[in-house]
Amino acid sequence: MPVPEKPALEGLEDALSARWERDGTYRFDRSKPRDQVYAIDTPPPTVSGSLHVGHVFSYTHTDIVARFQRMRGKEVFYPMGWDDNGLPTERRVQNYFGVRCDPSLPYDPNFRLPDEADPSTGSGSPRAKSRGEKQPISVSRPNFIELCVKLTVEDEQLFEHLWRYLGLSVDWSMTYATIAPPAQRVSQMMFLRLLQKKLAYQVEAPTLWDVDFRTAVAQAELEDREQPGAYHRIHFSQAGGSGVVAIETTRPELIPACVALVAHPDDARYQSLFGTEVITPIFGVRVPVLAHALADPEKGSGIAMICTFGDTTDVTWWRELKLPVRAIVQPDGTLGRVTWGDRGWECADVARAQQAYDQLVGLSAKKAQVKVVELLRESGDLQGEPKPITHNVKFYEKGDRPLEIVTSRQWFFKTIDYRDQLIARGREIAWHPAYMQARYENWVNGLNGDWCVSRQRFFGVPFPVWYPLLADGTTDYHQPLVPAESRLPIDPSTDVPDGYTADQRGQPGGFIADPDVMDTWATSSVSPQLVSQWQTDADIFARTFPMDLRPQAHDIIRTWLFSSVVRAHFENDSVPWTHAAISGWVLDPDRKKMSKSKGNVVTPLGLLQEYGSDGVRYWAARGGPGVDTAFDVGQMKIGRKLAMKVLNVSKFVLAGEQPVGTVTEALDRGMLQNLANLVDEATEELSDYEYARALAKIESFFWDFCDNYVEAAKSRRYGDFGVDAAASASTAMRLALSVLLRLLAPYLSFVCEEVWSWSNAGSVHRAQWPTREDLIAVSGTDDAAQRSVFHLTEALNAIRKAKTDRKVSVGTPVREVIYFAGDEAARSLALVERDLKAACRADGLVLKTGEPRVEITLKPAEA
RNA sequence: GCGCGCUUGGCUCAGCGGUAGAGCACCGCCUUCACACGGCGGGGGUCGGAGGUUCGAAUCCUCCAGCGCGCACCA
């Protein structure tokens, strides 16, 4: 392909991404053995969200690594996934189609929406609206998932277009969706195997619970939020005595759920109370006073009320002190009905307790608190006024109200007993940057319970489990019915366990389905097994697993990364990947994390169009592993400028007929040797995932190459000193450019490909990564030549400055330049004298030894 | 409370034992035959603070401060 007259960056993204697709440039060659494969476990973006500049940032980092590895000779396994499993998609499907999922319904293979049209026409306009405010249509879970897949196809196409435009070197023939059947199959199969190994278990226990979503949540999904509250000082009277015990609590509404008081065993103030009983205010329940080391003498009055359950410490006390349960908070967050006087609810004055408590039934915790405080005031059990404080309260990260602890039946994966093994796995992984490993270990060390994986939602991967119904209609949770692996994926709400018929569903002697779905991390944590074709293609699996790289952001170390390590540990007895590259966040100019909820995101496609994908890639590439990076269009402009420079210098080097020959000139040989050093440095940095450092070095060399080497060799290349000298220059220049294009290709993937195609067949992205030997073979090793490049640059800079001081253009021809330099420099410069003289446009150049300075004699002013 | 990271010119950052660097911004010069989506040059910082190690410290150690983050605690 000839060098264009007016090369331009515009249009490269569309043209080249189409060419890459046509040529299958990034297609995975599954014939390569494991040691020649580089496998990447790409994070699947959430399709119902939108891609923002943070995605562009971190996905570019991965792509740079992928391109480097590919050029180094690795066959890169680089699939892309779409995360459509979770609340955002669930809500979108509901609104868009006007449906509701009802997991009790069986699958309807002939289901059609009343006014079914093609959902791929037009986005964001909820179909439901056009039907007015009609009731949503109830559909089965499998039908709901079908609708989801239908809807997200459109998002996936938009996302894919953006990724192609950005230049991700993904193999687009390998994509997956986290709710689609293959993902369900792997999730369910791995679940069943954990169940068989007794690493998955079910238990009825107090669990963190979101009262709005009405589901259990896991420790990994918690976040602390600073909330206003108040200490209430409340009197408990001593049973059989006249004294009172004052406790402080932020949750007086839980007094009816109180099962004990607790103080530190060494606390002198309460020694005489241990082993005695006290009476709760208002409700008159006798509860013991106990000792436990977790009680903090410094906090409040040093003695705490244990309720079932106010917080996780209550759970610990309840478990360790073997206390009874008096649960009052219901799954919806309101206080449930209690019949005082019944077993477990014995109290001194049943009528009074009932009369008081009935006023609380149906109230939210917050409202109940107001009422209880009122009752305490009336009874005189509240001492003084509540003391306002702010304190951290646990929230579900997507929730709006504080978590409650509700007793319910949940599935768990074992983690607690395996902490040491999981930490050891973490040490088998190379972390980039290395200090991110500390986050992982912090998290694993801080685990305080097994991983709760069931969610009381309907959109997600169902547990492939049924339970027998006994003759009396009760459920036998101890003998779960599971399908053969060959049947997977299944949906127990529709499918029937072996040995049963569909009409036995819900009947005594029949079966019922497990109603829950898996936690989103319980399914996404199997992405390495899913993409590596575990149990579906043993050949691919053997060539890709354990994978090489997991790229992800640091906020999900405790979720996606941790859970993936857990799954691979138990299923494959290995790490899921050997490297974890943790990217930082994009910060807005106020140094805040950019996120959609903060309303400060920038639409990426517009940026890519304005600054060019190469410009944006350049900005992203400057943010090293783990480094939070400011959103900065200035850097994108610089990236674009760099891409322009590549275009222009390439035009100079490649355009026209140039003589080819032996590289003989000192300047050329020295430059190539310097370039050989750069190749080594860049290769080392990139091998170590330090793509930002590599870029800084390559970029610096490149500008020096353009501004000094090319300028100095230009005249000779034009033939001013004969054809052999010209051939030396043009041959060296072409080689250097070829090497520089390859070094820059992982970063400026479009412009490098464009320019490469002017003088090469095939893609630069499949070209071999340059080596020192390629260059030294041409330049030889010659210390003097190498030094001459340095001295020439020094001299050129000094002479340019001298011209500037004389207020003439650098291009101004001058009569004479006298350059004083050190002895060694003067000798070295003699090797490149012709080039230097031509570069400073002097009729005469005199090199002298002495204190470094420059003397210039201008030509007489032209009339 | 424990842990991690950051603190370098106006801005964004690199350097991590050997005389303070880059780009942007700013100022000046230059429309030179690859490039005005350009080129050349210039001013500008005692590298958060205090100690210490060393012939020598932005770079290593200790302590402190500010910012950010993780984990734990949260009666």
Side-chain angles (χ1 to χ4, degrees), chain A residues 3 7-10 224 226-227 229 231-234 247-251 254 261-263 294-296 298-307 310-314 389-394 433 435-448 554-555 557-558 584-585 587 589 591-593 611-612 615 619 622-624 626-635 637-638 640-656 692-693 695-697 699-700 703 706-707 710-711 714 718 796-797 799-813 841:
Chain A
V3 178
L9 298 175
E10 282 67 29
D224 284 346
E226 200 54 39
Q227 295 287 305
Y231 277 127
H232 300 74
R233 198 171 177 90
I234 291 164
I247 61 111
E248 290 197 355
T249 181
T250 55
R251 300 203 60 186
L254 294 179
L261 298 189
V262 66
L294 229 53
D296 182 355
E298 303 290 311
K299 210 156 267 176
S301 58
I303 187 161
M305 161 175 92
I306 305 176
C307 306
D311 58 36
T312 51
T313 320
D314 279 344
I389 53 156
T390 59
H391 60 158
N392 279 331
V393 179
K394 286 188 202 311
Y435 61 75
M436 286 296 177
Q437 190 184 345
R439 299 244 187 142
Y440 173 81
E441 297 201 357
N442 259 353
W443 173 253
V444 178
N445 280 322
L447 287 174
N448 54 29
H554 55 69
D555 54 332
I557 289 175
R558 60 151 125 169
W585 282 336
L587 307 176
R591 309 250 76 196
K592 295 277 185 303
K593 182 195 173 190
Y611 301 103
W619 159 75
R622 284 174 42 95
V627 180
D628 292 345
T629 299
F631 175 75
D632 186 353
V633 296
Q635 295 301 326
K637 288 179 187 164
I638 294 162
R640 188 180 163 80
K641 194 171 129 178
L642 177 63
M644 279 301 296
K645 195 75 175 175
V646 168
L647 216 49
N648 283 315
V649 79
S650 300
K651 180 184 161 194
F652 171 76
V653 171
L654 298 173
R693 289 189 193 185
L695 173 60
K697 290 176 178 176
E699 185 190 5
S700 160
W703 284 108
C706 294
D707 294 343
V710 171
E711 287 302 326
K714 188 183 271 179
Y718 276 130
L796 215 45
N797 286 337
I799 294 163
R800 283 168 180 156
K801 183 165 161 30
K803 285 191 176 180
T804 299
D805 289 346
R806 298 285 292 273
K807 297 232 184 264
V808 297
S809 152
V810 176
T812 307
R841 303 196 135 216

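These numbers were taken from a predicted model, which means no experiment stands behind them. Residue numbers begin at 1 in each chain, while the letters A, B, ... track the order of the sequences.
Looking at residues two or more places apart in sequence or on another chain, you find a side-chain contact (heavy atoms from CB on, under 4.5 Å) between A/Lys801 and A/Asp805. Residues satisfying the side-chain contact (heavy atoms from CB on, under 4.5 Å) criterion with A/Asn442, sequence neighbours excluded, are absent altogether. Looking at residues two or more places apart in sequence or on another chain, you find a side-chain contact (heavy atoms from CB on, under 4.5 Å) between A/Asn648 and A/Met644. Evaluation of the side-chain hydrogen bond (donor to acceptor under 3.5 Å, both in side chains) rule for A/Arg251 yields A/Glu253, A/Glu404 as partners, not counting sequence neighbours. With sequence neighbours left out, A/Arg841 forms a salt bridge (charged side-chain N to carboxylate O under 4.0 Å, His left out) with no residue at all. Remark: A/Lys714 pairs with A/Glu711 by the side-chain hydrogen bond (donor to acceptor under 3.5 Å, both in side chains) rule, at least two apart or across chains. Partners of A/Val710 under the side-chain contact (heavy atoms from CB on, under 4.5 Å) rule, at least two apart in sequence or in another chain, are A/Val649, A/Phe652, A/Phe705. For A/Glu298, there are no side-chain hydrogen bond (donor to acceptor under 3.5 Å, both in side chains) partners two or more places apart in sequence or in a different chain. Listed by chain and residue number, nothing satisfies the side-chain hydrogen bond (donor to acceptor under 3.5 Å, both in side chains) test with A/Arg693 (two or more places apart in sequence, or in another chain).
Across the P atoms, B/C69 and B/C13 are found 16 Å apart, a figure rounded to whole Å. Here, B/A22 and B/C40 have their P atoms 13 Å apart, quoted to the whole Å. Across the P atoms, B/A20 and B/A72 are found 45 Å apart, a figure rounded to whole Å. As rounded to the nearest Å, B/U53 and B/A14 have C1' atoms that lie 27 Å from one another.
Contacts of A/Val810 with the nucleic acid, taken as non-hydrogen atoms under 4.0 Å apart, involve only primed sugar atoms and P, OP1 or OP2. Counting non-hydrogen atoms under 4.0 angstrom, A/Trp619 reaches nothing in the nucleic acid.
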With 3.5 Å as the limit, what N/O pairs link the protein to nucleotides 16-24 of chain B?
from: B/C24; atom 1: OP1; to: A/Lys641; atom 2: NZ; distance (Å): 2.9

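A/Val653 places none of its side-chain heavy atoms less than 4.5 Å from the side chain of A/Ser650.
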Base-contact (B) and sugar-phosphate-only (S) positions in nucleotides 69-75 of chain B, heavy-atom cut-off under 4.0 Å, - elsewhere
SBSSBBB
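For A/Lys645, taking side-chain heavy atoms from C-beta onward, the closest of the listed nucleotides B/U32, B/C40, B/G38 is B/G38. Listed candidates were B/C35, B/C40, B/G41. Nearest to the side chain of A/Asn797 is B/G41. Closest contact between the side chain of A/Lys801 and the listed nucleotides B/G41, B/C30, B/C35 involves B/G41.
Atom CZ of A/Arg806 and atom P of B/C30 are 15 Å apart (whole Å). Taking atom CG on A/Asp707 and atom C1' on B/G41, their separation rounds to 12 Å, with Å as the unit. Put simply, CG on A/Leu647 is 13 Å from P on B/G38, counting in whole angstrom units. Atom pair A/Lys714:NZ and B/C35:P shows a separation of 8 Å (rounding to whole Å applied). Here the P atom of nucleotide B/G28 and the NZ atom of A/Lys807 are 10 Å apart, to the nearest Å. Taking atom CG of A/Asp628 as the reference point, atom C1' of B/U7 lies 14 Å away to the nearest angstrom. Atom NZ in A/Lys637 sits roughly 14 Å away from atom C1' in B/U12 (whole-Å rounding). Nucleotide B/C40 holds its P atom 10 Å from the CG atom of A/Leu796, rounded to whole Å.
Rounding to the nearest 0.5 angstrom, the gap separating the CD atom in A/Gln227 from the NE2 atom in A/His391 is 7.0 Å.
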Starting at the 5' end of RNA chain B, write a dot or bracket for each base, bracketing those in Watson-Crick or G-U wobble pairs whose two distances are under 3.5 Å and using | for partners on another strand.
((((((((.[[[[.)..(..]]]].(((((.......))))).....[[[[[..)....]]]]])))))))....
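Using cut-offs of 30° and 60° on the angle between ring planes, the pair A/His554 and A/Trp585 is tilted.
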